[in-house]
Structures are given as structure tokens and as C-alpha cells.
Amino acid sequence: MKYSKLLIPTLKETPSEAEAVSHILMIRGGYIRQLAAGLYISLPLFLRVMEKINTIIRQEMNRIGAQELSLPVLHPAEVWQKTGRWDAIGDEMFRLRDRTGRDMCLAMTHEEIMTWLAAKELRSYRDLPQMWYQIQTKLRDEARPKSGILRTREFIMKDSYSFDADLDGLNKSYELHAQAYHRIFTRCGLLFYQVESDPGMMGGSTAHEFMAPSDAGEDEIALCGRCGYSANVELAVSQPPEYPTIDMPFEEVHTPEVKTVAEVSKFLGLPSHCFIKSLLLIAKDGAVLALLRGDEELHEDKTKRIIGQYRPAHKDEIREILGVEAGFIGPINMINKEIRVIASNSLKSGLYVSGANKKDYHIKGINPEIHFSTNNKEHKTLKLSGKMPEVHCLVVWRDIRVIREDERCVTCGAPLKIRKVIEIGNIFKLGVKYSVPLNAVYLNKEGSEVPIIMGSYGIGPARVAAAAIEQNNDENGIIWPMSIAPFSVLILPLSVSDDETTKAADLICTALNGKGIDFLIDDRDMRPGIKFKDADLTGIPYQIIIGAKNLKDGLIEIKDRRTKETMKMPPDTTVDYIIRLMVML
RNA sequence: CGGGGCGUAGCGCAGUCUGGUUAGCGCACCUGCCUUGGGAGCAGGGGGCCGGAGGUUCGAAUCCUCUCGCCCCGACCA
């Protein structure tokens, strides 16, 4: 392919709207252009990268027995209404009406349509299992598109769906996908982790995400270097750091106008881990008191999984519900109040200071082993009858804390690392969440009607490309992994007006063509400096540099974009040398 | 949706606070000469509804009101 025939509008300067490295380099390298917020045009080079990634995906999906098909991007509302998602999903779904006034939406994912097809076409256990996938456009009216193509309103997604007769089958399909994903991302030259993830609103039991480490990522994962534990921080667990108990009597202390953990800690001269941080939350079915150790932070997602959607209580609500000003609330004298209390596991033992539920007072020496009780009615009765007066609070022990870097792994005790990552793929065990409402059932051997067990599995090819750039670049530009580079080789005839140079370039083109290697030749009548800069920026893995000076000695030069190493050799051996390099990769 | 920033030539920016020649600089672009191993040099040239609308004023890129767009942080993310 000739450079002069391709639209590759490279930029010398960094565009002001780009922040992420991959975003900057994709724009500067002439890969993409922005049409509007979250909407991008793929230029020829980027399209080639996407095609290479999609080819790898297809090969690996086909290899596990999945079949490719293509579904509409415009959907009738009815299917989505049947699963309840028409109402459950808010502004993120693009909605419209057709000319007859019928409600329609644009596909943000395809569980409904795939399940609809399964309901129509799959009848018997003999039809199962099936794995169907497509590489198609998805549309989501994102609240905040960001970081170039990492979060857009329209994007390509490989989504596949498995249909099995039973859980064993689902587990097999799930495992096959996990293996395929490992092969895909490895072949794409990415560093990545498979981590446990929150099944969330997809509605399922098990879920994993495939995460590529990058500072541009929106997610964070916790990693154990020793045992391999890895999880999204949305659900990652760790051993809370342990501190020696500081002895203190059980007594009230006057703490006028001293409210936050930091203030009380300073006032009493005690470290923050000696405190119980009490937060009043308003959940759908009432107020919830969350107790954390003073050095901990409440984890919103973990908490939501326990009490559902919630918000922090306002100051006047605290006064109304607990009868005390914010800043002095705590687990004391809570036993008669009809408020759920959820306490962080780290508070199970030790001695603590917390608000006394009395203005300007805190209480020292709270001993959860004595003053807290697990959630059973018995203690309440005993307390009320005066037999166990020391119990102040009925608690449920839960993991509701945010984990931190270097805390200990719960399985092996090694320090955990936290990494920012780009989510490049995910796999979910859906179960019957979609097959039941859409009546996707089959007849089993016994002749009874049973819902199909489903799984769903996604990959964002553009995110794979972005992650590859994030992980492979230098001050001069992109360094593509060979497998997904737009071209394998870039030929740089430094002067297109020099006959010897052109002749040598032609020779190499012919040889590369003969070997089926995809190459680009920079045939532009430009100064060498420009060609070198563009070559490095666009990131094609190998450069064959043909200059008059080396040619006088019968030599041309091969440069490895990644290592910057160069090798001089006669033109007729160049192509074989390149092939050897490519095989080594 | 909340907070912040920015809209001036294709790109990157100055000018705006403190209103006043013909709105400026670098890069890119066009013509010519010259040059050809890391974004050359010289000479000449084209390109602007200063995001949009309304207002204040003798006069608005500049002040006021409204509005649209883009980016960043947060919320959201099926």
C-alpha cells in the first residue's frame, strides 16, 4: 500500500482536548477523528487495526465452537419490556419511535434479542449447547464519554451468548470463553489480568473481568503477587491491618465541639484506628447505621449489595432519627432503636472510642465483644429485662470497607497491589434471568419444559487497541504489537527522486508481496525527517530505510520500532531477515 | 446531573482583566528558488461571522444576559 494513497493525517502538535496517551497518539498518528462527544471516525489505519483484532477474536471464538451471526441495532420495545429492562434502564438507552408511533430503542447490548432468537429456534436438549456471537455496534447515551475511544456513545463490541441445558454446561461454556479470552488478549500483545467482578445488574452468580493495566483505565483491581488472587476493588477483600489494643476504661468523655474522627483523635491523643466511625445511611427500607474503624472508608458498592440503594443522611435527618447532632453519633444505647446496624469485620475485637449519642460527648473503652451482640432477638430481650445491661447494639458483621494498597491478602497474607486498569472484556454467568421472561425453554430427556441456562461474554475491540497503545508507546509515538499493527512493515525510501533508491524499494516491495507480508511504502516526496517522525508516530513495528548513502555500499537498513535497533544488509536478504524477525515474535 | 476549565484561521495559542488603527504569532497550506538520513532555509501568497443570539456603547473578540459545544473531576455506567 502506498502512503500517498492513504488518509493518514498526522499531527505535530498535541490536540488540546486529549488527555490519555492512547487518545493523544491515536489523534496525532492519524488513526481517529472526533465527530462529537463520544463519537469517533475510524480512519484507514485504525480500521486496519480493528480488523486485525476482530480477526483474532473470530478465530478464537470459532475455535471454541461459537457461531457468528449479526443482529439488528434497532430493536422494538416489546422485547425489552418483557425482561423489564425497558423501564429499569434510564437515560442511558437511546429511544425513538418509528413512523407508526411504535416505541423502539437502539441496542446497548443484545441479551434480549439473542434470547428471543433462542426462544424461537431452540426446542430440545438435542439443540444444546449453542454459542452465538456477533461483532456489532452498540449505542449507549453515556453520561460522560471520556478518554478518547475508551468510553464512547457508539462502539463496536464482540458479544457472545451461551445456551446450555444445565449448570454443568454453563460452567463449560464459561470456561471455554475464559480460555478463548486468554488466547485473544495474549495474541493481541496485551498485559492483562482476569479478575473476579461484581455480577451487578447483569443478574448472575459468577462474573469475571479481563483487565489491562493502564493509568488511563477507569477501574481498579487488587492483585496478590504470591497466590494470584485478583479482584475488582468493587469487591476485593483483604485482611484489615491489625493494631495492638490500647487499654482504656469504659467511660464518657467530654468532647465539646469535637466531631470528626480526625478531630477527636487529635483531642484525645489516640490514633484513628482506635475509633469507631459511625455513618447514618438512608436506604429504601429505612435508616442504617454503618460502623467502620476510624482508619477505614465505607465502600459504596459493597454497602449497596447489602442494603440496596442508599444515600448518606442529611444533618437534620440524623437529629431526627438518632436525637443527636452529627459528630456525636455512635453504637451506644442503640439496642432499643429500630435501626439496622452494619459493622465492619475489623471491629470484632479491640477497644474503641465512639460518639456517645449525646451532644459534646464520646465514649471510650467500647468493647465489641461485650457491648455488641450479633443479630439475634435474645439479647434484646435480656437487655430489656436487665439481665444483660452491657449490650448496646445489635450488629451484623460485614465487609464494607475500602481496601488499600499493601494490605494483606486474605488467602496467603502477601501484600496486595492496586492497579488502574482498562476493562477489555467480561464474562457473566446469567442463569435464567433472560430465558425465563422471554420463555426460552427446551424439552429435556424426561419431556419436561426447562429454561435454558445462559451466559454472556463481551470484548471491546477498540479498548483492546487503546490498551495496546497505553502499554506500548514511547516519546516518539505508538509501538504496535505485530499481531494488531496496521501494517507489519513500513518502507522508507528517503528520496523518491533518486533512481537507485526507487529501484531498491521496488525490489523489496516485490519480495514482500511474494511472501504475503502487509507493508506500507512512504512514497511521499518529503524530507527524510518528516518520514522518520511519521514512521515512529504511527508505530509500524519494522522500518526498512532505503537511503542513497547506504545504497552506495549496497546496503539498506532495518529498524525495530520498539528497540530502536538497526541492522544493515543487502536488499536481497532483507525480506528473509524480516520474516525471521516476525517469526521470533 | 453537580463542580471546574475552554471556545479567536486546518492545528496549537496570544489578545479579553483595563472596549478604540486593518485581530496577531508559530505550525500547516499555495507559488517560486534552494535543500534531501530525524518535522530545513529564503521570498511571496491565500485563509477569520473572534461558537451562536440578544443587549450596553459613538465604538465590542473584549462589558452584561441567555444559549450551544468540547474537555477534566465527581455521580452514573445493564
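- Residue contacts shown for A:Ala88 include a base, since a base heavy atom lies under 4.0 Å away.
- The side chain of A:Lys304 places an N or O atom within less than 4.0 Å of a non-bridging phosphate oxygen (OP1 or OP2) of B:C76.
- Side-chain atoms of A:Ser162 come within 3.5 Å of backbone atoms of A:Gly455 as a donor-acceptor pair (strictly under, hydrogens ignored).
- The C1' atoms of B:G3 and B:U62 are separated by 27 Å, rounded to the nearest whole Å.
- Protein atom CD of A:Gln34 is 16 Å distant from nucleotide atom C1' of B:G10, rounded to whole Å.
- Comparing atom distances between the A:Asn550 side chain and each of B:A78, B:G37, B:C71 picks out B:G37 as nearest.
- The side chain of A:Arg527 contributes an N or O atom lying less than 4.0 Å from OP1 or OP2 of B:A40.
- Taking atom C1' on both nucleotides, B:G12 is separated from B:C70 by 16 Å, rounded to a whole Å.
- Atom P of B:C33 sits at a distance of 24 Å from the matching atom of B:G39, rounded to the whole Å.
- Contact check, A:Arg144 against B:C73: a side-chain N or O comes under 4.0 Å of OP1 or OP2.
- In this structure, B:G74 and B:C1 make a Watson-Crick or G-U wobble pair, each of the two defining distances being under 3.5 angstrom.
- A gap of 35 Å separates the P atoms of B:G15 and B:U31, to the nearest Å.
- Remark: A:Leu279 CG to A:Ile400 CD1 distance equals 8.0 Å, nearest 0.5 Å.
- Evaluation of the salt bridge (charged side-chain N to carboxylate O under 4.0 Å, His left out) test over residues 521-534 of chain A, restricted to residues two or more places apart or in two chains, returns A:Asp522-A:Arg524, A:Arg524-A:Asp534.
- Here A:Ser495 does not reach the OP1 or OP2 of B:U36: none of its side-chain N or O atoms lies under 4.0 Å away.
- The side chain of A:Ser16 places no N or O atom within less than 4.0 Å of a non-bridging phosphate oxygen (OP1 or OP2) of B:C71.
- We find that CD of A:Glu142 is positioned 13 Å from P of B:C71, with the value rounded to whole Å.
- To the nearest 0.5 Å, the span separating CD on A:Gln134 from NZ on A:Lys158 amounts to 10.0 Å.
- Rounded to whole Å, the P atom of B:U65 lies 15 Å from the corresponding atom of B:U18.
- Regarding A:Leu492, its CG atom lies at a distance of 10 Å from the C1' atom of B:G37, rounded to whole Å.
- Comparing the C1' positions of B:C17 and B:A53 gives a spacing of 25 Å, expressed to the nearest Å.
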Problem set entry | Stepwise side chain to side chain contact (heavy atoms under 4.5 Å, CB included) test for A:Glu111 and A:Thr83 | CA-CA 10 Å; A:Glu111 278 81 11; A:Thr83 62; over 6 Å; no
